[in-house]
Every structure is written in C-alpha cells, then in structure tokens.
Amino acid sequence: MPNMSAIVHPQQRHFNPYAENGGTILAIAGADFTVIAGDTRQSEGYSIQTRYAPKVFRLTDRAVLAVNGFAADGNMFVKKVKQRLEWYKHAHAKDMPLRAIARLIQTMLYAQRFFPYYVYNILGGIEEDGSGAVYSFDPVGSYEREACRAAGAAQSLVQPFLDNQIYFKNQTAAPGRSHPSHLPLPDVLSIVVDSFTSATERHIEVGDGLEIYIVLAKGRSLQGVEGLHGLRELSTQEDGERVFVLQRDLKKD
Amino acid sequence: MSQIWKYVRVTPSGGRVRGVPARSSTTSISLPGTPDHLSSQSTLILRFVMSIMEHNGGSVVAMAGKNCVAIACDLRLGAGAQTIATNFEKIFPVTDRMYLGLAGLASDVVTLREKFRYLTNMFLIKESRPLEPSTFAHLVSSTLYERRFGPYFCEPVLAGLERTPSGSYKPYIVGTDLIGCLNFAKDFIVTGTASDKLFGVAEGLWEPDLEPEDLFETISQTLMNAVDRDAYSGWGAVVHVITPDKVITRTLKGRMD
C-alpha cells in the first residue's frame with residue numbers, strides 16, 4: 001500500500017479581477033441638446049465606498065462620456081479615451097467629431113475582446129449637423145445611436161419609464177395630433193431628476209448625489225438652462241458647443 | 001428575482017453533477033476529493049438554470065387610489081422561453097370588493113386559487129359575516145407560512161376596499177412573499193418576473209389620491225411599459241378597478257409579442 005499522505009492533490013487558486021460598483025447612468029438626446037447624467041454613489045456589495053465618485057466626464061466641448069460597471073476599468077477607460085482625443089487634437093488641430101468618438105470607443109473596447117473593460121458606456125453630445133445624439137455601448141464595443149438610454153444597476157427600473165416618457169410607448173396621441181420626436185430641455189431635465197429619485201427610492205446601489213451634464217448645440221440660446229440653481233459651465237469657448245454641469249442631492253439612505 | 005447561472009459539471013458518460021463551485025473555464029479540471037470517474041475528463045459548463053419562480057413568467061401590480069384600488073396582471077403563461085398560452089389570468093375575485101393576484105409557478109397559482117376559494121367559502125359558512133381584506137390578508141399569510149419549508153412558489157397581491165366602522169370604504173392593498181411575510185404598502189405592490197421594472201415605472205408614475213379613471217390609466221401604463229421590457233411577461237393585460245359601488249374590469253391589448 002502506498003503512503004497516502006505523500007499524495008499531493010492539485011489545488012485550484014482563484015482570482016477574480018472584476019468588481020461591480022453599482023450606480024446608474026442615463027442619457028437623453030434633444031433636437032439641439034443632449035443631457036447625460038449619473039449618480040455619484042460607489043458601492044461594493046452592501047458597503048458604500050464613497051458618496052462622491054463621478055461617473056460622467058466631459059471629453060470635449062461637444063462630447064460627454066458616462067461609464068458604469070467596474071469603476072477601476074471605467075476610470076482607466078475614460079483616461080485612455082481622453083488621451084486618444086488629445087492625440088487627435090494635436091494631429092488634426094480640431095476636436096474629434098462625436099460619431100468618430102463613438103467608433104473610436106468601439107475599437108478600443110473590442111481591442112480588449114478577451115479581457116474586456118467591465119464597463120457599460122453611454123456617449124452623449126452634439127453631432128456635426130448640430131443634432132443631439134446618444135450612443136450606447138456594451139462592454140465589448142457593440143454600439144447604437146439612440147434617443148435615450150439608461151444603464152447600470154437600475155437600468156431595469158429606469159429604461160421602461162423612459163420608454164413611456166421619451167418614446168411615448170403605449171400612449172396614443174389625440175386624434176389628428178402626433179407625439180413630439182424630441183422634448184424641450186426643461187421637460188428632459190425633470191424626467192432625468194424623476195428617474196433618479198425613483199431609482200434611489202427602490203434600489204440600494206443608487207443615491208447620494210446626481211450629476212447632470214447638458215451639452216448645447218453651437219448657436220443655441222441658453223433657454224432652459226438659464227436660472228438653473230448651481231449651474232456650472234465647463235466649455236472652453238462661447239462660440240461653439242457648450243457644456244454645463246448641474247449637481248443635485250439624492251437620498252443618502 | 002434575479003436570473004441564475006450555474007456551473008454544471010458534465011461527465012463523459014453524459015451524467016452531470018450540480019452545485020459545483022463556480023470556475024472560470026470550460027476546460028477539464030480534476031477536483032480534489034472527487035471520485036476518479038467524475039474528476040477525469042469531466043467538464044464544467046456554464047448553463048442557465050431557471051428558477052421555479054420565473055419558469056412560467058407573469059407579473060401582477062396593485063395600486064391604491066382615492067376611495068378605490070386597482071389590480072392588474074399580464075396574460076402570458078410560459079415554460080421557460082416558450083409561450084404556452086396567452087389567456088392566463090392571474091387575478092381572481094375573493095369577494096365583491098376584493099381581488100387576489102397570484103404570480104409565480106402556474107400550478108401553484110391554480111392550487112392556491114382553489115385553496116383560497118375553499119377557505120373563503122368555509123369562512124362565510126362558519127362566520128356568516130363579510131370577509132374583510134385585512135382578515136383575508138392574514139389568512140393568506142398563515143396559509144403560506146404553513147408551508148414554510150416547502151413553500152408554494154407564489155407571491156400573492158391583494159387589493160380590496162376595507163369597510164370602516166363608520167360604514168365607508170378605505171383602500172387596502174397588501175403583498176406577501178412566498179412564505180407569507182405581509183407587506184402593507186400605502187402606494188403600490190408589485191410582484192412577478194417584471195417586478196423590478198414595475199417598481200421603476202410605478203415609482204415614477206404613481207401619485208396619491210388618484211380618481212378611478214386616473215388610477216386605471218396609471219396602473220395600465222405601469223404594467224404595459226414594464227412587461228414590454230420583460231421577456232417572461234406580456235401578451236396583453238387585465239385591469240380591475242374596485243370602487244365602493246362597482247368593479248371596472250378591462251382587458252388590454254399590448255405589443256402582443
């Protein structure tokens with residue numbers, strides 16, 4: 001009989017390089033503006049790591065990127081996108097157009113096809129024709145231009161609400177009338193705030209703070225943003241597209 | 001209810017062992033302490049294992065209004081991804097002013113419907129007094145808790161009007177989990193495979209003191225938009241609005257896909 005204690009069994013070690021950090025992001029395109037928003041809570045499991053970790057970032061004067069999922073990957077991805085946009089600016093002496101940024105993000109995500117950035121991206125901004133645009137991505141770069149999109153922990157709570165309020169799904173227009181294809185800015189802002197207060201109420205990973213980015217098309221009046229409490233301008237020039245950020249509190253429980 | 005993925009070990013003979021700890025690949029792995037015939041060349045495969053609560057699909061929502069309540073359900077009956085029927089109502093009358101919604105495993109929906117019909121009739125015969133929603137809620141709760149360790153896979157929602165000592169009626173909605181833990185809400189109750197979507201839309205659309213017609217619109221929009229984002233619910237809906245003097249029942253067509 002062989003000595004059983006001498007037999008060494010193989011042991012499996014395991015390392016999970018990903019985490020899920022909660023939070024929710026949302027973007028809605030208007031006719032000549034886009035609103036991109038995200039809450040600021042960052043959590044892991046039942047613990048809150050911080051009540052202020054931004055998930056929405058200004059890329060250029062006409063592009064804003066929201067990232068949700070694994071925060072470390074998200075921050076690294078935004079850093080790399082910004083770096084590529086800076087290189088582009090040095091090479092071409094202009095900012096990259098929005099649809100080109102969308103394609104860049106696709107190639108950058110797909111480049112990591114077999115060790116993906118664990119991040120859902122929503123890109124919002126102004127297209128070269130002056131229209132508001134939202135592009136949403138999956139973690140490996142599949143993307144689509146849409147009028148609105150929610151992603152993250154409370155996607156399942158927010159997206160059907162947006163279907164109803166933005167796309168007017170399951171609503172019939174009065175006889176001889178039709179639903180508007182784009183809503184005015186004040187309506188969009190109140191839908192965004194309502195979406196996040198609802199998500200905060202019913203989802204534990206959403207809350208603390210809300211950051212709303214507003215991108216206005218070139219030459220658009222400031223109608224709808226004037227007089228908003230706590231509005232901050234982030235754009236570098238006044239005669240092009242303009243970016244503003246708005247901060248709101250959400251419940252902290 | 002979240003969807004469940006499990007690693008299932010497939011042996012060369014085709015038999016499989018469930019509940020093997022999660023691992024990251026589909027390559028052959030031999031585990032310590034397992035019989036040779038299992039560890040040699042057995043493979044871990046990621047499979048979608050459907051939970052019992054989601055097997056048949058379906059959703060129910062109830063809302064309170066001003067002097068009225070509403071309760072609504074979808075009509076789909078499925079077996080996993082396959083749709084079996086599109087006329088499966090999940091809401092049943094208990095009294096003239098009280099309806100019970102049952103979402104979950106379809107066979108238990110039918111069993112509980114019959115069980116509660118029996119228990120309601122026995123109550124009326126023995127007590128010869130009206131059955132009030134608050135009484136029936138505790139009957140539901142105790143009936144489910146009786147099966148604490150082998151539960152019915154149903155999460156009931158009750159909507160009714162409770163008679164007050166002054167003779168008027170007050171809205172009463174309550175939900176329970178599958179072992180009968182009561183949830184008294186003053187706004188709305190959701191359950192079923194689209195519950196997370198229902199929470200989101202209801203939280204956005206509901207407001208206090210809605211009149212019957214406005215409550216009908218609110219609960220209908222809530223249900224329709226929620227089930228349109230849920231593959232396991234849909235195929236039309238039935239809505240009941242209960243007021244002190246009548247019950248308005250409407251069948252809705254939705255996307256029907």
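Each chain gets a letter, A, B and so on, in the order the sequences are listed, and its residues count up from 1.
Contact of D194(A) with chain B is not made at all, since no heavy-atom distance falls under 4.5 Å. The part of Q165(A) that comes within reach of chain B is its side chain, from C-beta onward, which places non-hydrogen atoms under 4.5 angstrom from that chain. Heavy atoms of D228(B) lying under 4.5 Å from chain A belong exclusively to its side chain.
Relative to the ring axis of F216(B), R250(B) places its NZ or CZ within 45° and under 6.0 Å from the centre.
Electrostatic pairing of D187(B) and R202(A) counts as a salt bridge here, judged by a charged N lying under 4.0 Å from a carboxylate O.
Side-chain contact annotation: T193(B) with S233(B), donor-acceptor N/O pair under 3.5 Å present.
Under the salt bridge (Lys or Arg N to Asp or Glu O under 4.0 Å) test applied with D163(A), the options R255(B), K197(B), R229(B) reduce to a single match, R229(B).
The candidate from A226(B), G204(B), A194(B) with the greatest count of non-hydrogen atom pairs under 4.5 Å with chain A is G204(B).
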